[in-house]
Visitor: 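Here it is, the structure in full.
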Amino acid sequence: MTQAASQPQGTAARRLVETLIANGVDHVFCVPGESYLAVLDALYDVRDRIRLVICRHEAGAANMAEAYGKLTGKPGVCMVTRGPGATHASIGVHTAHQDSTPMILFVGQVGLADRGRGAFQEVDYREVFGGLAKWATEIESPERTVEIVERAIGTALQGRMGPVVIALPEDILHASGGAAPKGPVTPAKASLGPDFLAELSDRLSKAERPLLVLGGSGWTPEAAGAIADWAERLGLPTSLSFRRKDLISNDRSNYAGDLGLGCNPKLTARAREADLLIALGARLGENPTQGYTLLDRTETAGRLVHIHPGPEELGRVWPTLMAGVADNSLAALALSQLDPGRTWHDQAKTAHADYRAFAAPVQVTGAVNMSECMKTLGEVLEPTAVVTNGAGNFAAWLHRFYGHRACRTQLAPTSGAMGYGVPAAVAAAIMEPGRQVVNIAGDGDFMMTAQELATLVQHDAKAVFVVVDNSTYGTIRMHQERDYPARISGTDLKNPDFVQFAQAFGLDAWRVETTEGFRSALEAALKAPRGGLIHLITSSEDIAPGRTITQLRAG
């Protein structure tokens with residue numbers, strides 16, 4: 001559609017875009033499709049206010065939108081076409097749901113008159129996304145476009161945050177969209193009442209072995225800083241939920257570590273022995289509770305204080321001593337004002353020493369020691385650097401040996417989605433060009449969305465990609481060797497030359513085969529105009545920190 005043939009003002013497509021602008025949306029991640037050309041045309045007229053990021057795969061686009069939601073606290077917006085475009089993007093919706101990230105996926109749809117006929121690429125999006133999203137709907141009346149988009153924004157942000165999917169029938173986008181939006185949506189947020197806070201303060205004053213667990217989404221840096229200051233002032237040992245390591249600085253004197261995969265045994269022991277366990281924002285799902293074994297349903301009602309923005313999460317698995325429905329940031333600010341009249345500095349000192357000991361580099365058998373490389377990463381990067389990853393055993397080295405020092409510096413999927421880290425890094429690099437951005441990816445993880453390097457280059461952004469290459473799907477290989485020793489099936493990989501791969505996109509690249517070579521390559525990549533890629537060759541024998549394939553085979 002040429003500019004001269006541009007659609008008239010007031011169409012549903014234009015009202016949709018106007019509603020996004022009214023709510024502060026400044027990036028849209030997409031793969032274009034003919035089913036929503038009218039929306040793309042409306043975005044053309046506001047290209048000075050909304051940056052349209054054209055991606056190379058819908059999974060990449062959806063993951064970028066999810067990363068945007070994590071970094072900003074605002075709904076990340078993704079637009080894809082119908083059928084294959086929507087199903088490709090579903091992985092980002094699943095991650096946003098598991099990670100409680102605000103996100104809106106707009107999907108092109110067949111015309112209203114053709115629904116139910118099995119038209120080209122037709123999908124019932126309410127049915128397909130009903131279990132993946134907080135709300136899945138379709139705009140059937142063009143004059144309700146603003147209403148539905150505003151409801152989607154509120155739904156994504158209220159309670160436990162999450163994704164919304166909106167299908168856009170092609171024909172309604174050209175119809176009149178009704179009245180223009182009047183202003184931004186103000187999401188409703190619950191806070192803790194005075195009686196709850198008074199009781200919590202009293203229980204905390206009587207606790208001998210308390211532990212604070214922080215997690216979830218929707219945190220402002222100010223609120224995270226306030227509760228971190230409060231807990232450190234009291235000497236209250238504080239841990240973080242799975243892949244939420246950036247909520248407070250890991251250098252805090254009371255930081256006890258993260259309750260993730262491969263957790264420090266001393267931290268799990270501390271959680272089991274705590275006589276008051278305060279969980280704020282964390283759902284206490286499978287990974288942070290070590291496969292639902294860390295807590296015991298028969299005794300949590302005597303020691304668990306669970307605060308979460310979604311009431312449906314309270315009592316879902318664990319009976320509680322106290323349960324509070326509140327926005328994470330508002331709850332954190334309220335807790336930071338409590339004075340229990342006592343401190344636990346000796347316990348905090350021990351907890352932090354245990355964390356430090358667990359984060360110290362370990363011995364490996366190969367020429368590249370990933371624990372030393374991740375320590376180097378922490379020494380070289382700025383405190384505000386954004387570090388991203390997808391899923392795989394490589395991430396265990398990152399999470400254990402790299403310490404975060406500022407809020408909103410970790411982009412990692414609690415959903416365990418492979419392929420997340422590359423598009424997340426691209427999104428962060430595009431959104432915040434003044435920050436260092438580094439992606440740590442396994443070879444299998446990287447190849448799932450490696451084509452988004454083209455998006456990085458097209459949008460003139462800069463990031464560093466570290467591809468940890470052990471030529472195997474490491475997590476699956478580890479479990480395979482444990483259960484079926486020396487019977488390798490379906491896990492070996494034949495990889496390309498990742499240096500040449502990166503160079504094909506116009507990026508600088510380095511091959512590193514020793515621990516000592518990593519620092520110089522990292523420093524060079526950070527100085528390069530567009531960042532670059534480090535092809536880090538590791539041994540599959542060192543399958544996880546402190547664990548080798550030989551040990552697994554020996555039982």
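Computed over heavy atoms, backbone and side chain alike; hydrogens, waters and symmetry mates excluded.
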Visitor: If the condition is side-chain hydrogen bond (donor to acceptor under 3.5 Å, both in side chains), which residues does Ser239 pass it with, not counting sequence neighbours?
Guide: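 For Ser239 there are no side-chain hydrogen bond (donor to acceptor under 3.5 Å, both in side chains) partners, ignoring immediate neighbours.
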Visitor: Taking Lys245 for its side chain and Asn250 for its backbone only, find out whether a donor-acceptor pair lies under 3.5 Å.
Guide: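 Judged by distance alone, no pair lies under 3.5 Å.
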Visitor: Measure the CZ-CE distance between Phe498 and Met447 for me, rounded to the nearest 0.5 Å.
Guide: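 Atom-to-atom, Phe498:CZ and Met447:CE are 5.5 Å apart.
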Visitor: What are the two closest heavy atoms between Pro413 and Tyr420, and how far apart are they?
Guide: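 Looking at all heavy atoms of both residues, the closest pair is CD-CD2, 3.6 Å.
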Visitor: What distance do Leu294 atom CG and Leu277 atom CG have between them, rounded to the nearest 0.5 Å?
Guide: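 Rounded to the nearest 0.5 Å, the CG-CG separation comes out at 7.5 Å.
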Visitor: Determine whether a donor-acceptor pair (N or O, by modelled atom type, separation under 3.5 Å) exists between the side chain of Arg244 and the backbone of Leu214.
Guide: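 No; judged by distance alone, with no hydrogens or angles, the pair does not exist.
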Visitor: Would you say the side chains of Ser100 and Arg160 form a donor-acceptor pair under 3.5 Å?
Guide: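 Their side chains do contain a donor-acceptor pair, which is all the 3.5 Å distance test asks for.
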Visitor: Start with the C-alpha gap between Asp460 and Arg530, add the side-chain angles, then the distance that decides, and say whether side-chain contact (heavy atoms from CB on, under 4.5 Å) holds.
Guide: CA-CA 8 Å; Asp460 198 26; Arg530 287 180 172 170; 4.3 Å; yes
Visitor: Working to the nearest 0.5 Å, report the span between CG of Leu212 and CG of Leu280.
Guide: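 Those atoms lie 7.0 Å apart.
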Visitor: Using every non-hydrogen atom in the two residues, find where Trp219 and Gly215 come nearest and quote the distance to one decimal.
Guide: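 Reported closest heavy-atom pair: NE1-O, 2.8 Å.
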Visitor: Show the nearest heavy-atom pair for residues Ala544 and Met478, with the distance to one decimal.
Guide: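 Minimum heavy-atom contact is CB-SD, 4.0 Å.
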Visitor: Hey, what do you get for CZ (Arg400) to OG (Ser371), rounding to the nearest 0.5 Å?
Guide: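 Nearest 0.5 Å value for the CZ-OG distance: 8.0 Å.
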Visitor: Once you round to the nearest 0.5 Å, how far does CZ of Arg519 lie from OG1 of Thr376?
Guide: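 These two atoms lie 4.5 Å from each other.
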Visitor: Any sub-3.5 Å donor-acceptor pair from Glu66's side-chain atoms to Gly92's backbone N or O?
Guide: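 Side chain of Glu66 to backbone of Gly92, a donor-acceptor pair under 3.5 Å: no, none is there.
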Visitor: Near Gln363 CD, under 6.0 Å, is it more than 12 heavy atoms from other residues, nucleotides or ligands?
Guide: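 At most 12 heavy atoms, drawn from other residues, nucleotides or ligands, come within 6.0 Å of this atom.
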Visitor: Please name the pair of heavy atoms, one in Cys373 and one in Val368, separated by the smallest distance, quoted to 0.1 Å.
Guide: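 For Cys373 and Val368, the tightest heavy-atom pair comes out as SG-CG1, 4.0 Å.
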Visitor: Please check if atom CZ in Arg342 has more than 12 non-hydrogen atoms from other residues, nucleotides or ligands closer than 6.0 Å.
Guide: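 It does: Arg342 CZ has more than 12 such atoms within range.
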Visitor: Quick check against the 3.5 Å criterion: does Asn439 have a side-chain atom that pairs as donor or acceptor with the backbone of Ala463?
Guide: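 Not a single qualifying donor-acceptor pair exists.
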Visitor: Any chance NZ of Lys189 has more than 12 other-residue heavy atoms, nucleotides or ligands included, within less than 6.0 Å?
Guide: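 Yes, enclosed.
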Visitor: Can Asn470 and Thr538 be counted as having a side-chain donor-acceptor contact under 3.5 angstrom?
Guide: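 Their side chains do not contain a donor-acceptor pair, so the 3.5 Å distance test is not met.
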Visitor: Asp229 versus Arg252: any side-chain heavy-atom pair under 4.5 Å?
Guide: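 Asp229 reaches Arg252 side chain to side chain.
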Visitor: Looking at His404, Arg356, His352, which hits side chain to side chain donor-acceptor pair (under 3.5 Å) with Asp251?
Guide: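 Passing option: Arg356.
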Visitor: Does this structure show an ion pair linking Glu273 with Arg209, if we count only N-O contacts that are shorter than 4.0 Å?
Guide: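 No, this pair does not count.
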Visitor: Which distance, rounded to the nearest 0.5 Å, do you find between the OG1 of Thr289 and the CG of Asn287?
Guide: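 Between Thr289 OG1 and Asn287 CG, I get 8.0 Å after rounding to 0.5 Å.
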Visitor: Are any of the side-chain heavy atoms of Leu20 and Val46 separated by less than 4.5 Å?
Guide: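 Not touching, per the 4.5 Å side-chain cut-off.
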Visitor: Is a salt bridge present between Asp26 and Lys74, judged by a nitrogen-to-oxygen distance below 4.0 Å?
Guide: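 Here Asp26 pairs with Lys74 in a salt bridge, since their nearest N and O are under 4.0 Å apart.
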Visitor: Between Thr388 (side chain) and Gly421 (backbone), is there a donor-acceptor pair under 3.5 Å?
Guide: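 Side chain of Thr388 to backbone of Gly421, a donor-acceptor pair under 3.5 Å: yes, one is there.
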Visitor: Working note: Gln436 + Leu526, criterion side-chain contact (heavy atoms from CB on, under 4.5 Å); need CA distance, chi angles, decisive distance, verdict.
Guide: CA-CA 8 Å; Gln436 293 176 331; Leu526 290 168; 4.1 Å; yes
Visitor: So which atom in Val362 and which in Asn369 form the shortest heavy-atom distance, rounded to 0.1 Å?
Guide: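 In terms of heavy atoms, the two residues are closest at O-ND2, 2.7 Å.
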Visitor: Just wondering, do Arg283 and Val317 contact through their side chains at under 4.5 Å, heavy atoms?
Guide: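 Contact flag for Val317/Arg283 side chains = no.
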Visitor: Relative to each other, are the rings of Phe446 and Phe501 parallel, tilted or perpendicular (30° and 60° limits)?
Guide: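 Aromatic pair Phe446/Phe501 classed perpendicular.
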Visitor: Taking Asn23 for the side chain and Thr19 for the main chain, is one N or O donor matched with an acceptor at less than 3.5 Å?
Guide: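 Looks like yes, one N/O pair under 3.5 Å.
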Visitor: Tell me, with the steps shown, if Leu52 and Met79 meet side-chain contact (heavy atoms from CB on, under 4.5 Å).
Guide: CA-CA 10 Å; Leu52 187 63; Met79 294 183 179; 5.6 Å; no
Visitor: Is any side-chain heavy atom of Arg272 less than 4.5 Å from a side-chain heavy atom of Thr268?
Guide: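 A side-chain contact under 4.5 Å exists here.
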Visitor: Could you pull out all residues at least two apart from Gln98 that satisfy side-chain hydrogen bond (donor to acceptor under 3.5 Å, both in side chains)?
Guide: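 Residues passing side-chain hydrogen bond (donor to acceptor under 3.5 Å, both in side chains) with Gln98: none at all.
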Visitor: Any heavy-atom pair between the side chains of Ile54 and Thr455 that's under 4.5 Å?
Guide: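 No, every pair of side-chain atoms sits at 4.5 Å or beyond.
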Visitor: I'd like to know if the side chain of Asp246 and the backbone of Thr409 have a donor-acceptor N/O pair within less than 3.5 Å.
Guide: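 It does hold such a pair.
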Visitor: Backbone N or O of Ala348 within a donor-acceptor pair of the Asn254 side chain at under 3.5 Å?
Guide: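 No, Asn254 side chain to Ala348 backbone: no donor-acceptor pair under 3.5 Å.
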Visitor: Taking Asp469 for its side chain and Ile537 for its backbone only, find out whether a donor-acceptor pair lies under 3.5 Å.
Guide: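 Not a single qualifying donor-acceptor pair exists.
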Visitor: So, do Thr101 and Thr95 sit near enough that their side-chain heavy atoms are less than 4.5 Å apart?
Guide: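 No. Closest side-chain heavy atoms not under 4.5 Å.
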Visitor: Look at Lys527 together with Glu523 and state whether they make a salt bridge at an N to O cut-off of under 4.0 Å.
Guide: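 Between Glu523 and Lys527 there is no salt bridge, as every charged N stays at least 4.0 Å from the carboxylate O atoms.
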Visitor: Looking at side-chain heavy atoms only, is the closest gap between Phe358 and Pro265 below 4.5 Å?
Guide: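 Result yes, sub-4.5 Å side-chain heavy-atom pair found.
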Visitor: Would you find more than 12 non-hydrogen atoms of other residues, nucleotides or ligands less than 6.0 Å from Arg547 atom CZ?
Guide: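 Atom CZ in Arg547 is not packed in, count stays at 12 or less.
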Visitor: Check step by step if side-chain contact (heavy atoms from CB on, under 4.5 Å) holds for Asn389 and His399.
Guide: CA-CA 10 Å; Asn389 65 270; His399 297 335; 3.1 Å; yes
Visitor: Search all heavy atoms of Val77 against all heavy atoms of His27 and return the closest pair with its distance.
Guide: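 Looking at all heavy atoms of both residues, the closest pair is CB-O, 4.2 Å.
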Visitor: Mark yes or no for whether Thr343, through its side chain, and His345, through its backbone, hold a donor-acceptor pair below 3.5 Å.
Guide: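 Answer holds: no.
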Visitor: Other residues, nucleotides and ligands only: do more than 12 of their heavy atoms fall within 6.0 Å of NZ on Lys462?
Guide: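 Yes.
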Visitor: Tell me, do Leu507 and Leu456 make a side-chain contact under 4.5 Å, heavy atoms counted?
Guide: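 In contact.
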